[in-house]
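What follows is a set of notes on a single structure, which appears directly below.
Just so we're on the same page: letters track the sequence lines, and every chain starts at 1.
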Number of protein chains: 2
Amino acid sequence: MTYKKTDLFDEDLQRMAEVAKVMSHPARLAILRYLANCKSCISGDITNEIPLSRTTVSQHLQELKRVGLIHGEIDGLKVNYCLCTSCIDDIKKTFTLFLNEISISESIKC
Amino acid sequence: MTYKKTDLFDEDLQRMAEVAKVMSHPARLAILRYLANCKSCISGDITNEIPLSRTTVSQHLQELKRVGLIHGEIDGLKVNYCLCTSCIDDIKKTFTLFLNEISISESIKC
DNA sequence: AATCTATGTCGTATGTTTGCGTCATTAAAC
DNA sequence: GTTTAATGACGCAAACATACGACATAGATT
């Protein structure tokens, strides 16, 4: 079998799908929400906030970092995580555009 | 191992994650986009539009139906699929709300 | 220098998704 | 009534995601 056919599709759809996939786990959404509200966004604080093991939370943080939603900044022994506001604005635009595109158009509704 | 800890999180995050997951594959996004533009949204037409086997496309359609993004209406031998505009509006609201929530707030940026 | 602490990486078990071929079903066409 | 066509359901294999314990590392504390 060949498998993994995602690159047969338009690049904009691929990017949107990638972002959607990262947002497809409640733990990662909870991390984003927490980062938006807290002042000190130290990795350890996030771990305490999320009901999963430290390792798993760390993994979710790496995922969020991979697509650019958050940044990590080493501060001695600790790591400060924070949202990437420009990336979030970008995502907001992408999603709004797509959702408008498919809801405004004149297709037949049943 | 216990696995599957998604229900440890807020219900709104769970619902949003579920929707995001459905939108996390370019084929499903392509289907949504196609349904928005076409007049006749017969299952067979969708299959021809998507570079995957008929079986796989059918599976993706079931996924989209499962979360309520599309509806299917049997018309003799064929099935007419169409977007559920109210569901899309709902999703648009949910995503916009969440993304605003995490981008407007006053967290420390790095 | 020895120890402690915060964090990341690796390996691993298990569950889930993707993709497709084959079969079943049901309506249309003949 | 038999055949053809459109679709969904079933089953399988490969890939991927989730979750976590154990280990590694590197800065702080003593």
Original post:
Quick one: the side chain of B:R54 and the base of C:dG21, do they pair up donor-acceptor inside 3.5 Å?
Top reply: no
**OP:** Measure from the side-chain heavy atoms of A:Y3 and tell me the nearest of D:dG8, D:dA15, D:dA19.
**Re:** D:dA15
**OP:** Could you tell me whether the side chain of B:S53 has a donor or acceptor atom within less than 3.5 Å of a complementary atom in the base of C:dG19?
**Re:** no
Original post:
So what does A:K65 hit on the nucleic acid, given a heavy-atom distance under 4.0 Å: a base, only sugar-phosphate, or nothing?
Top reply: nothing
Original post:
How long is the line joining CG of B:D75 and P of D:dA5, in whole Å?
Top reply: 18 Å
Subject >> Pairwise 5' ranking along DNA chain D for A:L77 and B:T6, keeping only the more 5' one >> reply: B:T6
Original post:
Charged N to carboxylate O below 4.0 Å: is that the case for A:K21 and A:E18?
Top reply: no
Subject >> Sidechain N-carboxylate O distance under 4.0 Å for B:R15, B:D90 >> reply: no
Original post:
Contact class for B:S43 (heavy atom, under 4.0 Å): base, sugar-phosphate, or nothing?
Top reply: sugar-phosphate
Original post:
What orientation do A:H25 and A:H60 show, parallel under 30°, tilted 30 to 60°, or perpendicular over 60°?
Top reply: tilted
**OP:** Using a heavy-atom cut-off of under 4.0 Å over every strand shown, decide if A:L52 touches base, sugar-phosphate, or nothing.
**Re:** sugar-phosphate
Original post:
In terms of the nearest nucleotide of DNA chain C, which residue is placed more toward the 5' end: A:T55 or A:K21?
Top reply: A:T55
Original post:
Do B:Y81 and D:dT7 share a donor-acceptor pair, side chain to base, under 3.5 Å?
Top reply: no
Original post:
Once the angle between the rings of B:F95 and A:F95 is folded into 0 to 90°, is it parallel (under 30°), tilted (30 to 60°) or perpendicular (over 60°)?
Top reply: parallel
**OP:** Determine the contact category for A:I74: base if any of its heavy atoms lies under 4.0 Å from a base atom, sugar-phosphate if only primed atoms, P, OP1 or OP2 are that close, otherwise nothing.
**Re:** nothing
Original post:
Atom CD of A:Q62 and atom P of D:dC20: how far apart are they, to the nearest Å?
Top reply: 16 Å
Original post:
Is any side-chain N or O of A:Q59 under 3.5 Å from a base N or O of D:dA19, one able to act as donor and the other as acceptor?
Top reply: yes
Original post:
Taking only N and O in the side chain of A:H25, is any of them less than 4.0 Å away from OP1 or OP2 of D:dA19?
Top reply: yes
Original post:
Are B:Y34 and B:I42 co-members of a hydrophobic cluster defined by side-chain heavy atoms under 4.5 Å apart?
Top reply: no
